[in-house]
Amino acid sequence: MFVFAKKADLAQHLAQIGISKKTIGLVPTMGALHQGHLSLLQKSCSENQITVISIFVNPTQFNNSEDLEKYPRHVDRDIEKIRTVSDDIIVFAPTVDDIYEGNTTASTFEYDGLEFQMEGAHRPGHFDGVGTIVKKLFEIVQPTNAYFGEKDFQQLQIVKKLVEKHHIPVNVIGCPIHREANGLAMSSRNERLSSEAREEASLIYKTLLEAKQKFSTQSTQDIIDYVTHTFAQYPAFELEYFEIADEATLLSATHKNSTKKYRGFIAVYINNIRLIDNIALN
């Protein structure tokens with residue numbers, strides 16, 4: 001297995017193995033890998049001749065310094081998990097200085113309004129940081145295909161818009177959410193949950209499933225009220241938002257249109273740990 005800490009070394013290696021004549025898959029991650037990440041790797045390996053996984057906790061997409069500091073980092077453990085998929089996967093685990101070259105700031109991006117909804121509204125500058133690192137990774141690796149999990153559905157739509165607006169020749173592929181046995185969406189942040197909180201957090205997916213069931217017969221406002229009331233009954237949780245939005249524009253839906261696809265999006269704190277999830281409603 002090849003593991004690179006410098007983008008120049010990775011680029012040299014990719015040039016040596018002739019990437020211009022091969023398909024290459026990229027799986028961008030911030031490490032603390034779980035089965036959801038491994039499923040992205042498996043898909044990439046099945047669809048490409050070369051697969052690269054990046055492991056990089058990107059400081060410019062955090063607007064909470066404590067969250068950045070506490071974000072789990074286990075590169076050696078991550079590499080062992082990657083080996084369970086394939087020894088042929090190329091690992092890129094750079095330093096902040098190697099990526100940002102001493103200027104750890106985000107570029108500014110415009111995503112046709114996608115950046116102002118939900119996560120963008122609650123985490124100012126977050127998607128500038130996402131766009132900055134994803135664009136850099138695309139330039140370094142020059143992938144044919146790039147794989148992103150649908151747990152971060154808004155991020156997936158943002159990356160697709162980034163590729164469209166900057167004319168980047170890569171296929172962005174969204175992959176289904178992987179869940180714990182109790183329904184909790186797999187996330188690196190789950191490592192910070194106590195076993196009790198991890199079990200309690202199953203409420204998130206249960207509530208989303210109930211919202212999906214209600215969607216065919218109830219108004220969007222009634223469903224929002226239901227979710228708000230549900231979490232108000234559990235003092236361990238703090239509901240940051242629940243929104244029903246058009247999948248394409250991410251704009252909040254006040255009325256339902258039979259020609260559009262809708263998704264329920266949620267962000268909730270438990271023990272000061274922020275979890276997000278979403279579900280297709282129709």
Side-chain angles (χ1 to χ4, degrees), residues 1-14 16-17 19 24-46 48-62 64-102 104 129-130 132-134 136-141 143 145-149 151-152 155 175 177-181 184-195 197-198 201 271 273-275:
M1 177 178 286
F2 288 97
V3 180
F4 296 99
K6 294 184 177 180
K7 59 188 176 188
D9 293 341
L10 172 64
Q12 182 180 23
H13 176 74
L14 292 174
Q16 287 173 346
I17 59 179
I19 59 167
I24 181 165
L26 172 65
V27 179
T29 81
M30 293 206 298
L33 302 184
H34 50 68
Q35 188 56 47
H37 294 117
L38 299 186
S39 71
L40 301 183
L41 281 177
Q42 289 161 349
K43 185 170 178 61
S44 178
C45 288
S46 71
N48 302 279
Q49 293 162 292
I50 300 167
T51 289
V52 177
I53 180 172
S54 61
I55 299 174
F56 180 68
V57 181
N58 177 36
T60 65
Q61 69 188 69
F62 286 81
N64 181 322
S65 58
E66 183 181 356
D67 192 24
L68 172 60
E69 180 184 336
K70 291 185 176 180
Y71 199 88
R73 296 165 170 85
H74 315 295
V75 175
D76 290 343
R77 193 191 307 173
D78 289 341
I79 289 171
E80 290 309 307
K81 290 182 179 180
I82 294 165
R83 287 186 191 279
T84 66
V85 177
S86 172
D87 272 331
D88 293 330
I89 294 168
I90 298 169
V91 180
F92 180 43
T95 63
V96 172
D97 279 346
D98 184 70
I99 288 292
Y100 285 99
E101 299 177 348
T104 312
V130 169
T132 299
I133 185 58
V134 169
K136 285 178 182 290
L137 289 171
F138 286 170
E139 290 166 352
I140 295 164
V141 178
N145 301 298
Y147 299 84
F148 294 83
K151 181 182 75 70
D152 299 287
Q155 174 180 272
C175 302
I177 299 171
H178 266 61
R179 298 186 178 278
E180 313 266 1
L184 176 63
M186 288 187 178
S187 168
S188 300
R189 286 186 173 85
N190 293 356
E191 288 191 14
R192 296 175 55 197
L193 297 172
S194 67
S195 55
R198 205 164 182 143
N271 295 349
I273 296 163
R274 189 175 186 273
L275 303 176

ask   = Hey, are the side chains of N271 and L193 touching, using non-hydrogen atoms and a 4.5 Å cut-off?
value = no
message = So that I can tick it off, tell me whether E139 and K7 are bridged by a salt bridge, with the cut-off set at under 4.0 angstrom between side-chain N and carboxylate O.
response = no
request  = Give, for atom CE of M186 and atom NE2 of H37, the distance between the pair rounded to the nearest 0.5 Å.
outcome  = 11.0 Å
request  = Rounded to the nearest 0.5 Å, what's the gap from CG on L38 to SG on C45? Could you check?
outcome  = 10.5 Å
message = Tell me if the NZ atom of K136 is crowded by more than 12 foreign heavy atoms within 6.0 Å.
response = yes
query = Does M30 offer a backbone N or O that forms a donor-acceptor pair with the side chain of D78 under 3.5 Å?
reply = no
inquiry  = Before you tell me yes or no, could you show the steps for R192 and R274 under side chain to side chain contact (heavy atoms under 4.5 Å, CB included), namely the whole-Å CA-CA distance, both residues' side-chain angles and the distance that decides it to 0.1 Å?
reply    = CA-CA 10 Å; R192 296 175 55 197; R274 189 175 186 273; over 6 Å; no
query = Of all heavy-atom pairs between F62 and V57, which one has the smallest distance, and what is that distance?
reply = CE1-CG1, 3.8 Å
task = For side chain to side chain contact (heavy atoms under 4.5 Å, CB included), just list the numbers for I82 and I55, CA-CA rounded to whole Å, side-chain angles, deciding distance to a tenth of an Å, and then say yes or no.
result = CA-CA 11 Å; I82 294 165; I55 299 174; 4.1 Å; yes
query = Could you state the interatomic distance from CD1 (I140) to CG (L10), rounded to the nearest 0.5 Å?
reply = 7.5 Å
task = May I ask you to decide if G31's main-chain N or O and R73's side chain share a donor-acceptor pair within less than 3.5 Å?
result = no
task = Measure the shortest side-chain to side-chain distance between I90 and L14 over non-hydrogen atoms and say whether it is less than 4.5 angstrom.
result = yes
task = Calculate, to the nearest 0.5 Å, the distance between atoms CD1 and OG1 belonging to I99 and T132 respectively.
result = 11.5 Å
key: Euclidean distance, C175 SG relative to K151 NZ, rounded to 0.5 Å   = 14.0 Å
query = V91 versus V75: any side-chain heavy-atom pair under 4.5 Å?
reply = no
key: Y71 and R189, any side-chain heavy atoms less than 4.5 Å apart   = yes
key: D9 and F2, any side-chain heavy atoms less than 4.5 Å apart   = no
Test side-chain contact (heavy atoms from CB on, under 4.5 Å) applied to S44 and T51, V85, I53, the passing residue = T51
query = Side chains of Y100 and N58: do they bring a donor and an acceptor to under 3.5 Å?
reply = yes
note = When every non-hydrogen atom of S188 is compared with those of P72, the smallest separation belongs to O-CG, 3.5 Å
note = Closest non-hydrogen atoms of A185 and I177, given as atom of the first, atom of the second and distance, are CB-CG2, 3.9 Å
note = Smallest heavy-atom separation, P28 atom then F148 atom, equals CG-CZ, 3.7 Å
message = When you compare the side chain of K70 with that of N64, does any pair of heavy atoms fall below 4.5 Å?
response = no
key: Distance (rounded to the nearest 0.5 Å) between F56 CZ and D98 CG   = 8.5 Å
Contact check, side chains of N48 and L26, non-hydrogen atoms, under 4.5 Å = no
request  = Determine whether M1 and I79 make a side-chain contact, defined as any pair of heavy atoms from C-beta on separated by less than 4.5 Å.
outcome  = yes
key: Parallel, tilted or perpendicular: ring planes of H13 versus F4, cut at 30 and 60 degrees   = tilted
ask   = Do other residues, nucleotides or ligands put more than 12 heavy atoms under 6.0 Å from the NZ atom of K81?
value = yes
query = Between E191 and H74, what is the shortest heavy-atom contact and its length?
reply = OE1-NE2, 2.9 Å
ask   = Can a salt bridge be assigned to the pair E80 and R77 using a cut-off of 4.0 Å between side-chain N and carboxylate O?
value = no
ask   = If every non-hydrogen atom of L137 is compared with every non-hydrogen atom of S54, which pair is closest and at what distance?
value = CD1-OG, 3.6 Å
